[in-house]
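A note on names: the letters A, B, ... follow the listed sequences, proteins ahead of strands, and every chain is numbered from 1. Atom set for the values below is all heavy atoms of this structure, side chains included, hydrogens, waters and symmetry mates excluded. These numbers come from a predicted model, not from an experiment.
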2 protein chains.
Amino acid sequence: MEREISSGWLMFIGFRAAEDRIVAALAEAGYADITRAQARLLAGIDVDGTRLVVLADRARIPKQTALALVNGLEAAGFVERVPDASDGRARLVRLTAHGRGVLPVAIAEETRIEADWQGVLGVRRMRALRKALWELALSADPHLHSPDAAQGANAVPGER
Amino acid sequence: MEREISSGWLMFIGFRAAEDRIVAALAEAGYADITRAQARLLAGIDVDGTRLVVLADRARIPKQTALALVNGLEAAGFVERVPDASDGRARLVRLTAHGRGVLPVAIAEETRIEADWQGVLGVRRMRALRKALWELALSADPHLHSPDAAQGANAVPGER
DNA sequence: AATGGTAGTACCATAATCGTACTATCTCCA
DNA sequence: TGGAGATAGTACGATTATGGTACTACCATT
């Protein structure tokens, strides 16, 4: 009669495995200076830029932390800040040309991960897994299926 | 044509939701001083104690980080270190009486989470989800199904 | 007994986290 | 129309987490 590993912890294992692979792929492609936390933030940036608070929300961190990370990414030349025409308070964090270079690498590795996982589970079970995970994510965070969730939200380091 | 949220990121969302609930439950029960990282470490402690390197491995952190966390937990009275009879080098990190107090709280919340998720997916799909997650975890970390994986490994903060 | 490996630890530099708090701007209603 | 209250960004600062290098004590195996 053993205690089972919780589902949440199993998700942690899967998530970390994927994240490790993406960060490793980035490092191998020459982006060795991108940290895990930075990658998680980058993952939330949309093509036409995203506000700091939105990034913080997506990465589940307070905006002060997001600010520090964006500052680092900006100093490293991956992102830039442009004014948000629709709101004078806001600024949009956007990928620079240099920052856009990480996209193909991250996406490629992410695609490989999905393929590997599908190799383990098969097409049908993989689809069921994604559907279930999606529903759970929605139930935990209803605000997730906001209009833009299905929109241009292009993950950067292969995530989000 | 929108980019899908990666499976890894969906797992992140689920994991964080679960972790947040457990940490919140602990805080509400009076264990407000337990941090996220500490909880993840506590989750890996077996009933009869666990070595530092094993804890580090389970939480996916280097042993130096694990050491710092254990030091903190020891100072706070949650764990103690006892010699490992089978190996003079090793010491076992074990829950104190005070530390064992967090167990019921964490397990209760974890149970509630599993129930909630099952409420969303239904029994059959929940079982399929766990099975799939488990297989992916195994494929990413084959060393996971070590003998003790099915043994007394009792998660502490509801996780493992 | 020698050799190579492992567990724990120390020291240290950096990164991440997050509280409090302030400014500029927006929104909406009285 | 004029605030009042909410929100975006930022600053400052304290604490925690992370992870490199390296050392000691102990184990295992030849």
Side-chain angles (χ1 to χ4, degrees), chain A residues 12 16 19-20 23-24 27 31-46 49-76 78-94 143 157, chain B residues 12 16 19-20 23-24 27 31-46 49-76 78-94 143 157:
Chain A
F12 170 68
R16 278 298 297 260
E19 190 178 57
D20 287 348
V23 170
Y31 302 105
D33 46 341
I34 297 180
T35 69
R36 217 178 276 283
Q38 286 177 332
R40 292 210 274 264
L41 207 83
L42 281 175
I45 302 181
D46 302 293
T50 308
R51 294 185 192 179
L52 187 68
V53 281
V54 175
L55 291 182
D57 199 56
R58 288 181 178 167
R60 269 93 190 149
I61 54 178
K63 60 180 180 175
Q64 300 92 320
T65 304
L67 176 68
L69 293 171
V70 166
N71 284 341
L73 287 168
E74 189 181 42
F78 289 105
V79 303
E80 61 188 346
R81 278 180 255 221
V82 297
D84 183 339
S86 72
D87 190 332
R89 294 166 300 180
R91 301 166 74 184
L92 294 175
V93 177
R94 212 171 49 179
H143 134 94
Chain B
F12 171 68
R16 278 298 295 261
E19 190 179 57
D20 286 348
V23 169
Y31 301 106
D33 46 341
I34 297 181
T35 68
R36 214 178 276 284
Q38 286 176 332
R40 292 210 273 263
L41 207 84
L42 282 174
I45 302 180
D46 303 291
T50 308
R51 296 186 190 179
L52 187 69
V53 282
V54 175
L55 291 181
D57 200 55
R58 288 181 178 167
R60 267 95 189 149
I61 54 177
K63 59 180 181 176
Q64 300 92 319
T65 303
L67 176 68
L69 293 172
V70 166
N71 284 341
L73 287 168
E74 190 181 41
F78 289 106
V79 303
E80 61 188 345
R81 279 181 254 220
V82 297
D84 183 340
S86 72
D87 190 333
R89 293 166 300 180
R91 300 167 76 184
L92 294 175
V93 177
R94 214 172 47 180
H143 133 95

C:dA15 phosphate, OP1 or OP2, under 4.0 Å from A:Arg36 side-chain N/O: no

Gap between atoms CG and P, on B:Leu42 and D:dA17 respectively (whole Å): 11 Å

Check: B:Gln38 side chain, D:dT16 base, donor-acceptor under 3.5 Å: no

Pair A:Arg36 + A:Asp20: basic N to acidic O under 4.0 Å: yes

- prompt: What's the closest nucleotide to the B:Asn71 side chain, out of C:dA10, D:dG9, D:dT18?
  reply: C:dA10

query: Where the side chain of A:Arg51 is concerned, which of D:dG9, C:dC26, D:dA25 is the nearest nucleotide?
result: D:dG9

message: If you define the side chain from C-beta out and look only at heavy atoms, does anything of B:Leu69 sit under 4.5 Å from B:Leu55?
response: no

- request: Examine distances only and state if a side-chain atom of B:Arg60 and a backbone atom of B:Arg58 form a donor-acceptor pair shorter than 3.5 Å.
  value: yes

task: Send over the distance from A:Lys63 NZ to D:dA11 P, rounded to a whole Å.
output: 13 Å

message: Below the 4.0 Å mark, does C:dA16 have OP1 or OP2 next to a side-chain nitrogen or oxygen of A:Thr35?
response: yes

DNA chain C: 5'-proximal contact among B:Arg81 and A:Thr65 (nearest heavy atom): B:Arg81

message: Please report the distance, rounded to the nearest Å, between CG in B:Leu55 and C1' in D:dA17.
response: 16 Å

message: Using the side chain to side chain contact (heavy atoms under 4.5 Å, CB included) definition, which of the options A:Leu42, A:Val23, A:Leu41 pairs with A:Ile34?
response: A:Leu42

query: Considering all heavy atoms of both residues, which atom of A:Arg94 and which atom of A:Ile45 are nearest to each other, and what is their separation?
result: CA-CG2, 4.3 Å

- prompt: Within this structure, what is the CG-to-P distance between B:Leu69 and D:dT18, rounded to whole angstrom?
  reply: 6 Å

field: Proximity to the side chain of B:Gln64 - top-ranked nucleotide from D:dT10, C:dT9, D:dA25
entry: C:dT9

message: I want to verify a distance call: between C:dA7, C:dT17, D:dC27, whose nearest atom is closest to the B:Val53 side chain?
response: C:dA7

task: Could you tell me the separation between the CG atom of A:Leu67 and the P atom of C:dT17, rounded to a whole number of Å?
output: 13 Å

- request: In whole angstrom, give the distance that lies between atom CD of A:Glu19 and atom C1' of D:dT18.
  value: 13 Å

query: B:Arg89 CZ to C:dT6 P: how many Å, rounded?
result: 9 Å

From C:dG8, C:dC18, C:dA24, nucleotide with atom closest to A:Pro62 side chain: C:dC18

- request: Check the distance between C:dA24's P and A:Arg91's CZ and give it to me in whole angstrom.
  value: 14 Å

